[in-house]
Amino acid sequence: MKHKLTEAEKEVMDILWDQKAAFMKDILEKYPEPKPASTTIATLLKRMQTKNLVGYKLFGNSRQYFPKVDKETYFNQEMNSMIDRFFNSSVSQFASFFANSKKLSQEQLKDLRDIIDHQIKE
């Protein structure tokens, strides 16, 4: 999967990931006011189908949309792509940048160390 979501598409995808499957009216219902036009959501869904990220099942004349990729898989691919592009595929360069640029507290750094230690043990 090499298709990135635009910010607008990600908003729709977040709803689908949360709901597992949703009709157009369900998707629109989740948006805060002012809600986008249904034609806007339809266009986003069509683009996401073209990218093979969303599918649908027909119920009469209504389409129930569902994600074709789970959130964790998509997020992992996005993170790996970013690390490849900006840090020459070096996870240690990324970690160093992240730790230094975010000005992490001692507690946050310890939490990260605990996560890494846990991964090493497995």
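Values reported hereafter were calculated over all heavy atoms of this structure, with side chains retained and with hydrogens, waters and symmetry mates removed.
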Q: Check whether F23 and Y56 end up in the same hydrophobic cluster, where Ile, Leu, Val, Met, Phe, Trp and Tyr are linked by side-chain heavy atoms less than 4.5 Å apart.
A: no
Q | I83-I116 co-clustered via ILVMFWY side chain contacts under 4.5 Å | A | no
Q. To the nearest 0.5 Å, how far apart are CD in E11 and CE in M13?
A. 13.5 Å
Q. About how many Å separate NZ of K30 and CD1 of I15, when rounded to the nearest 0.5 Å?
A. 8.0 Å
(Q) Within the supplied structure, the quantity of interest is the number of heavy atoms (other residues, nucleotides, ligands) at a distance under 6.0 Å from K46 NZ; does it exceed 12? (A) no
Q. What about M24 and F66, same hydrophobic cluster or not, with Ile/Leu/Val/Met/Phe/Trp/Tyr joined at side-chain heavy-atom distances under 4.5 Å?
A. no
Q. Are I41 and F59 connected, step by step, through hydrophobic side chains (Ile, Leu, Val, Met, Phe, Trp, Tyr) whose heavy atoms are closer than 4.5 Å?
A. no
Q) Do you know the tightest heavy-atom contact between E9 and K4? A) OE1-O, 3.8 Å
Q) Using 4.0 Å as the upper bound for N to carboxylate O, is an ion pair formed by K10 and D14? A) yes
Q: Output the distance between atom CD (Q64) and atom CD1 (I27), rounded to the nearest 0.5 Å.
A: 9.5 Å
Q.
How long is the straight-line distance from CG of L44 back to OG1 of T39, given to the nearest 0.5 Å?
A. 9.5 Å
Q) Among L53, L45, V54, which one satisfies side chain to side chain contact (heavy atoms under 4.5 Å, CB included) with V12? A) L45
Q. Between the main-chain N or O of Q77 and the side-chain N or O of S81, is there a donor-acceptor pair closer than 3.5 Å?
A. no
Q.
Would the distance check show the side chain of N88 and the main-chain N or O of S90 forming a donor-acceptor pair, the cut-off being under 3.5 Å?
A. no
Q) Which heavy atom in E29 sits nearest to a heavy atom in K35, and how many Å separate them? A) O-NZ, 3.3 Å
Q) Are the aromatic rings of F86 and F97 close, with centres under 6.0 Å apart? A) no
(Q) Just verifying a value: how many Å separate K68 NZ and Q49 CD, rounded to the nearest 0.5 Å? (A) 8.5 Å
Q: Inspect the surroundings of CZ in F75 and state if more than 12 heavy atoms from other residues, nucleotides or ligands are less than 6.0 Å away.
A: no
Q) What is the ring orientation for F94 with F87, classed by angle as parallel under 30°, tilted 30 to 60°, or perpendicular over 60°? A) perpendicular
Q | CG-CG distance between D26 and L16, expressed to the nearest 0.5 angstrom | A | 10.0 Å
